[in-house]
Amino acid sequence: MATLINETSHTFNEYLLVPGYSSADCIPQNVSLKTPLVKFKKGEECPISLNIPMVSAIMQSVSDDKLAVALAKEGGCAFIYGSQSIESEAEMVARTKAYKAGFVVSDSNIKPTDTLKDVLELKQRTGHSTVAVTEDGTPNGKLIGIVTGRDYRISRMTLDEKVETFMTPFSKLVTAPEHTSLKEANDIIWDNKLNSLPIIDKNGKLLYFVFRKDYDEHKKYQNELLDSQKRFIVGAGINTRDFRERVPALVNAGADVLCIDSSEGFTEWQKITIDYIRKTYGDTVKVGAGNVVDAEGFRFLASCGADFVKVGIGGGSICITRETKGIGRGQASAVMDVCKARDEYFKETGVYVPVCSDGGIVHDHHITLALAMGADFVMLGRYFARFDESPSNKILINGNLMKEYWGEGSNRARNWQRYDMGGAAKLSFEEGVDSYVPYAGKLGDNVQRTLAKVRSTMCNCGALTISELQQKAKITLVSSVSIVEGGAHDVVLKTK
């Protein structure tokens with residue numbers, strides 16, 4: 001008969017943290033949420049660390065370059081979805097890496113013969129108010145002029161008016177030549193009271209924009225996650241089928257870390273993929289692997305050379321793997337089992353392989369529980385799908401604003417590579433659903449609110465770092481009635 005694990009499989013919602021002693025120094029502003037993203041040897045510094053313990057899921061409805069930039073500003077890392085063409089994913093990575101360098105490739109471009117209607121449609125599509133007017137309407141065409149909100153008044157103009165009649169022409173623009181440094185560009189912006197500065201080559205072709213707001217944002221976002229060249233750090237998803245073509249393209253585009261995106265990672269396919277990366281790039285290319293739910297799965301991937309291991313099968317809000325296939329494990333039980341194996345592996349080998357808890361996060365306090373149970377960071381899908389910066393559409397349903405959110409195993413995504421078991425190249429049945437989540441506004445505002453709760457709870461436990469939380473935390477199982485007791489009960493709530 002099958003091996004029976006004679007232990008109930010638990011979720012995060014079945015646990016609470018028990019407060020510990022807090023000293024006078026244990027206040028939220030003293031808490032550090034820095035945590036390792038990839039493996040490192042005992043006594044050495046981790047090559048890539050997160051400033052906050054949050055990464056975004058490798059999903060079409062969650063992680064593109066726009067969300068990658070927003071999350072890196074807060075100190076986390078996005079993993080751009082891999083269920084798209086290699087070229088498209090590499091372009092998203094490249095755009096993310098180019099963004100913080102200050103030299104931004106224009107994604108709002110128009111021809112001089114286009115109309116005001118075209119400008120308004122472009123602005124609505126990209127969300128950007130600065131539009132480059134180039135000869136051919138491409139990002140690197142010859143610069144003819146610029147259109148901003150100051151160049152037109154909708155109430156006083158007709159929609160068929162040509163761009164060339166109201167744009168700010170090239171002759172009136174302040175520009176800078178290629179090879180201008182970022183410091184020089186910012187000085188020009190300040191000296192001339194500009195909002196943007198076009199960088200052009202010797203033939204007058206547009207190369208980049210430098211924006212005043214990027215300088216201001218750098219001062220605002222003190223927790224940014226940057227590489228050695230002060231560019232945003234970004235991850236990218238890969239699969240076990242086309243990795244020989246996809247990995248080089250993503251590496252060349254500048255991806256800082258890769259992750260094998262699979263619903264179940266205890267397979268030879270993941271070993272083959274990691275072996276290729278190690279043989280081709282050595283340890284210079286970082287790659288996470290998963291997903292697993294027990295110690296055996298962790299040890300397999302760690303021995304294969306994974307830089308971090310992702311934990312969780314079937315716990316995502318849009319995942320129906322447990323329903324359709326009957327495999328998985330309660331997320332809390334899986335995290336604790338794998339993290340115990342991680343600590344044992346570290347004692348034996350001196351190599352620390354970070355653990356990522358992927359799925360099962362419903363409430364903000366579940367993040368703190370996952371960290372206390374041993375996870376180094378959490379991967380979130382539904383959480384990030386709710387924000388302005390996610391790539392899905394915003395829709396009004398029954399008077400409420402919602403965002404579309406679909407699983408990679410749904411018919412909409414048809415990401416068969418994620419669920420690939422070496423068979424036919426197709427999705428034989430669904431392992432995810434197509435859904436909506438309540439719209440929640442800007443990523444930054446929500447992340448700051450969530451992390452304020454995490455820091456406060458850590459202080460309740462007497463911990464100022466994640467590692468200290470893992471050492472000091474006391475966790476208790478709760479009954480169904482105590483869960484009811486934990487919320488508002490036996491009162492009549494006031495209507496808002």
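Positions are given from 1 along the sequence.
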*Asks:* Please report the closest heavy-atom contact between Val93 and Gly254, naming both atoms and the distance.
*Replies:*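 Between these two residues, the closest heavy atoms are CG1-C, 3.9 Å.
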*Asks:* Applying side-chain hydrogen bond (donor to acceptor under 3.5 Å, both in side chains), run through Thr158 and Asp160 and close with a yes or a no.
*Replies:* CA-CA 5 Å; Thr158 59; Asp160 60 357; 2.6 Å; yes
*Asks:* Does any N or O in the side chain of Asp358 come within less than 3.5 Å of the main-chain N or O of Gly312, such that one atom is a donor and the other an acceptor?
*Replies:* no
*Asks:* To check you understand the geometry: which heavy-atom pair defines the closest contact between Val257 and Cys77, and what is its length?
*Replies:* CG1-SG, 4.4 Å
*Asks:* Minimum heavy-atom separation for Val437 and Arg386, please, with both atom names.
*Replies:* CG2-CG, 3.8 Å
*Asks:* Output yes when a side-chain donor or acceptor of Asp114 lies under 3.5 Å from a complementary backbone atom of Lys111, and no otherwise.
*Replies:* yes
*Asks:* Please round to the nearest 0.5 Å and tell me the distance separating atom CD1 of Ile154 and atom NZ of Lys117.
*Replies:*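 Those atoms lie 13.5 Å apart.
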*Asks:* Just do the side-chain hydrogen bond (donor to acceptor under 3.5 Å, both in side chains) check on Thr180 and Glu184 with the steps written out, would you?
*Replies:* CA-CA 6 Å; Thr180 299; Glu184 291 169 340; 4.8 Å; no
*Asks:* Show the numbers, then the answer: is there a side-chain hydrogen bond (donor to acceptor under 3.5 Å, both in side chains) between Thr126 and Ser108?
*Replies:* CA-CA 7 Å; Thr126 64; Ser108 296; 3.0 Å; yes
*Asks:* Flag yes if more than 12 heavy atoms outside Glu45 fall under 6.0 Å of its CD atom; otherwise flag no.
*Replies:* no
*Asks:* Can you measure from CG (Leu37) to SG (Cys356) and round to the nearest 0.5 angstrom?
*Replies:* 8.5 Å
*Asks:* Classify the ring geometry of His363 against His365: parallel below 30°, tilted from 30° to 60°, perpendicular beyond 60°.
*Replies:* parallel
*Asks:* Please report the closest heavy-atom contact between Leu469 and Thr368, naming both atoms and the distance.
*Replies:* CD2-O, 4.0 Å
*Asks:* Is the side chain of Asn51 donor-acceptor paired with the backbone N or O of Lys34 at a distance under 3.5 Å, no angle test?
*Replies:*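 Checking the backbone N and O of Lys34 against the side chain of Asn51, no donor-acceptor pair under 3.5 Å is found.
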*Asks:* Please round to the nearest 0.5 Å and tell me the distance separating atom CD1 of Ile367 and atom CG of Leu380.
*Replies:*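 Result: 5.0 Å between the selected atoms.
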*Asks:* Pair Gln84, Met92 - check side-chain contact (heavy atoms from CB on, under 4.5 Å), show working.
*Replies:* CA-CA 11 Å; Gln84 59 179 315; Met92 286 188 181; 3.5 Å; yes
*Asks:* As an exercise, state the distance from CZ of Arg382 to CE of Met59, rounded to the nearest 0.5 Å.
*Replies:*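 Rounded to the nearest 0.5 Å, the CZ-CE separation comes out at 11.5 Å.
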*Asks:* Kindly indicate, with the supporting measurements, whether the criterion side-chain contact (heavy atoms from CB on, under 4.5 Å) is fulfilled by Val163 and Asp118.
*Replies:* CA-CA 9 Å; Val163 169; Asp118 296 320; 5.9 Å; no
*Asks:* Drop me the distance from Met379's CE to Ile361's CD1, to the nearest 0.5 angstrom.
*Replies:*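 Met379 atom CE to Ile361 atom CD1 measures 12.5 Å (nearest 0.5 Å).
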*Asks:* Does the side chain of Asp136 pick up a donor-acceptor pair with the side chain of Thr138 at under 3.5 Å?
*Replies:* yes
*Asks:* Look only at the side chain of Ser392 and the backbone of Glu404, and say whether a donor-acceptor pair between them is shorter than 3.5 Å.
*Replies:*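 Such a contact is found between Ser392 side chain and Glu404 backbone.
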*Asks:* Please say whether the positively charged group of Lys394, taken as NZ for Lys or CZ for Arg, lies over the ring of Tyr439, i.e. under 6.0 angstrom from the six-membered ring centre and within 45 degrees of the axis.
*Replies:*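 Here Lys394 passes the 6.0 Å and 45° test against Tyr439.
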*Asks:* Within this structure, what is the OH-CG distance for the pair Tyr152 and Leu159, rounded to the nearest 0.5 Å?
*Replies:*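 Rounded to the nearest 0.5 Å, the OH-CG separation comes out at 11.0 Å.
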*Asks:* Would you mind checking if Arg246 and Asp242 are paired as a salt bridge, meaning a charged N to carboxylate O distance below 4.0 Å?
*Replies:* yes
*Asks:* If we count only N and O atoms by modelled type, under 3.5 Å, do the side chains of Thr450 and Tyr383 hold a donor and an acceptor together?
*Replies:* yes
*Asks:* For Glu135, is there any backbone N or O sitting under 3.5 Å from a side-chain donor or acceptor partner on Lys142?
*Replies:* no
*Asks:* Under the 3.5 angstrom rule, does the side chain of Thr134 hit a backbone N or O of Leu143 as a donor-acceptor pair?
*Replies:* no
*Asks:* Give me the ring orientation class for Phe308 and Phe377: parallel if the planes are under 30° apart, tilted from 30 to 60°, perpendicular past 60°.
*Replies:* perpendicular
*Asks:* Go through the steps to decide whether Val210 and Ile189 satisfy the test side-chain contact (heavy atoms from CB on, under 4.5 Å), and finish with yes or no.
*Replies:* CA-CA 8 Å; Val210 177; Ile189 287 173; 3.7 Å; yes
*Asks:* Could you walk me through whether Asp151 and Thr168 pass the side-chain hydrogen bond (donor to acceptor under 3.5 Å, both in side chains) test, one step at a time?
*Replies:* CA-CA 7 Å; Asp151 292 312; Thr168 300; 2.8 Å; yes
*Asks:* Can a donor-acceptor pair be found, under 3.5 Å and without considering hydrogens, that links the side chain of Glu74 to the backbone of Leu443?
*Replies:*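 No: the side chain of Glu74 does not pair with the backbone of Leu443.
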*Asks:* Do you know which of Val133, Ile110, Ile146, Val119 makes side-chain contact (heavy atoms from CB on, under 4.5 Å) with Met167?
*Replies:*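 Exactly one option meets the side-chain contact (heavy atoms from CB on, under 4.5 Å) with Met167, and it is Val133.
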*Asks:* Does either side chain, that of Thr457 or that of Asn460, offer a donor lying less than 3.5 Å from an acceptor on the other one?
*Replies:* no
*Asks:* So if I apply the side-chain hydrogen bond (donor to acceptor under 3.5 Å, both in side chains) rule between Tyr352 and each of Arg342, Lys42, Lys39, which one comes out positive?
*Replies:* Arg342
*Asks:* Centre-to-centre under 6.0 Å for Phe243 and Tyr276, is that the case here?
*Replies:* yes
*Asks:* Can you find a heavy atom in the side chain of Lys442 that is under 4.5 Å from one in the side chain of Asp445?
*Replies:*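 SC-SC contact between Lys442 and Asp445 confirmed.
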*Asks:* Going by side-chain contact (heavy atoms from CB on, under 4.5 Å), Ile277 matches just one of Ile260, Val285, Val251, Asp307. Which one?
*Replies:* Val285
*Asks:* Kindly indicate whether a cation-pi arrangement holds for Arg278 with Tyr281, taking the cut-offs as under 6.0 Å to the six-membered ring centre and within 45° of the axis.
*Replies:*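 Judged by the rule (NZ or CZ under 6.0 Å from the ring centre, within 45° of its axis), Arg278 is not positioned above Tyr281.
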*Asks:* Looking only at atom types and distance, does a side-chain atom of Thr240 sit under 3.5 Å from a main-chain N or O of Gln270, one as donor and one as acceptor?
*Replies:* no
*Asks:* Which pair of non-hydrogen atoms, one from Phe166 and one from Glu161, has the smallest distance, and what is that distance?
*Replies:* CE2-O, 3.7 Å
*Asks:* For Phe12, I'd like to know if atom CZ has over 12 heavy atoms of other residues, nucleotides or ligands within 6.0 Å.
*Replies:*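 More than 12 heavy atoms, drawn from other residues, nucleotides or ligands, come within 6.0 Å of this atom.
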*Asks:* Under 4.5 Å between any side-chain heavy atoms of Asn446 and Phe387, yes or no?
*Replies:*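 A side-chain contact exists here, since the closest heavy-atom pair is under 4.5 Å.
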*Asks:* Assess the side chains of Lys310 and Asn291: does a donor N or O sit below 3.5 Å from an acceptor N or O?
*Replies:*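 Yes.
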*Asks:* Can you list every salt bridge (Lys or Arg N to Asp or Glu O under 4.0 Å) pair that touches residues 166-178, not counting sequence neighbours?
*Replies:*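 Listed once each, the pairs would be none.
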*Asks:* Any side-chain donor paired with an acceptor under 3.5 Å for Gln331 and Ser357?
*Replies:* yes
*Asks:* May I have the step-by-step check of side-chain contact (heavy atoms from CB on, under 4.5 Å) for Phe232 and Glu224, ending in yes or no?
*Replies:* CA-CA 8 Å; Phe232 284 139; Glu224 292 174 320; 3.9 Å; yes
*Asks:* Is it true that Asp107 and Arg95 make a salt bridge, defined as a side-chain N closer than 4.0 Å to a carboxylate O?
*Replies:* no
*Asks:* For atom CG of Asn398, is the number of surrounding heavy atoms from other residues, nucleotides or ligands below 6.0 Å larger than 12?
*Replies:*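 Result for CG/Asn398: open.
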*Asks:* Donor-acceptor pair, distance only, cut-off 3.5 Å: does the side chain of Thr465 make one with the backbone of Ser32?
*Replies:*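 Here the side-chain-to-backbone pair does not exist.
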*Asks:* Is there side-chain contact between Lys97 and Val234, with heavy atoms separated by less than 4.5 Å?
*Replies:* yes
*Asks:* Less than 4.0 Å between a side-chain N and a carboxylate O, is that true for Asp364 and Arg449?
*Replies:*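 No, Arg449 and Asp364 are not salt-bridged.
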*Asks:* Measure across Gly237 and Ile58 and return the closest heavy-atom pair with its distance rounded to 0.1 Å.
*Replies:*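 Distance-wise, the nearest heavy atoms are CA-CG2, 3.8 Å.
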*Asks:* Considering only heavy atoms from C-beta outward, does the side chain of Thr130 approach that of Asn195 to under 4.5 Å?
*Replies:*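 A side-chain contact under 4.5 Å is absent here.
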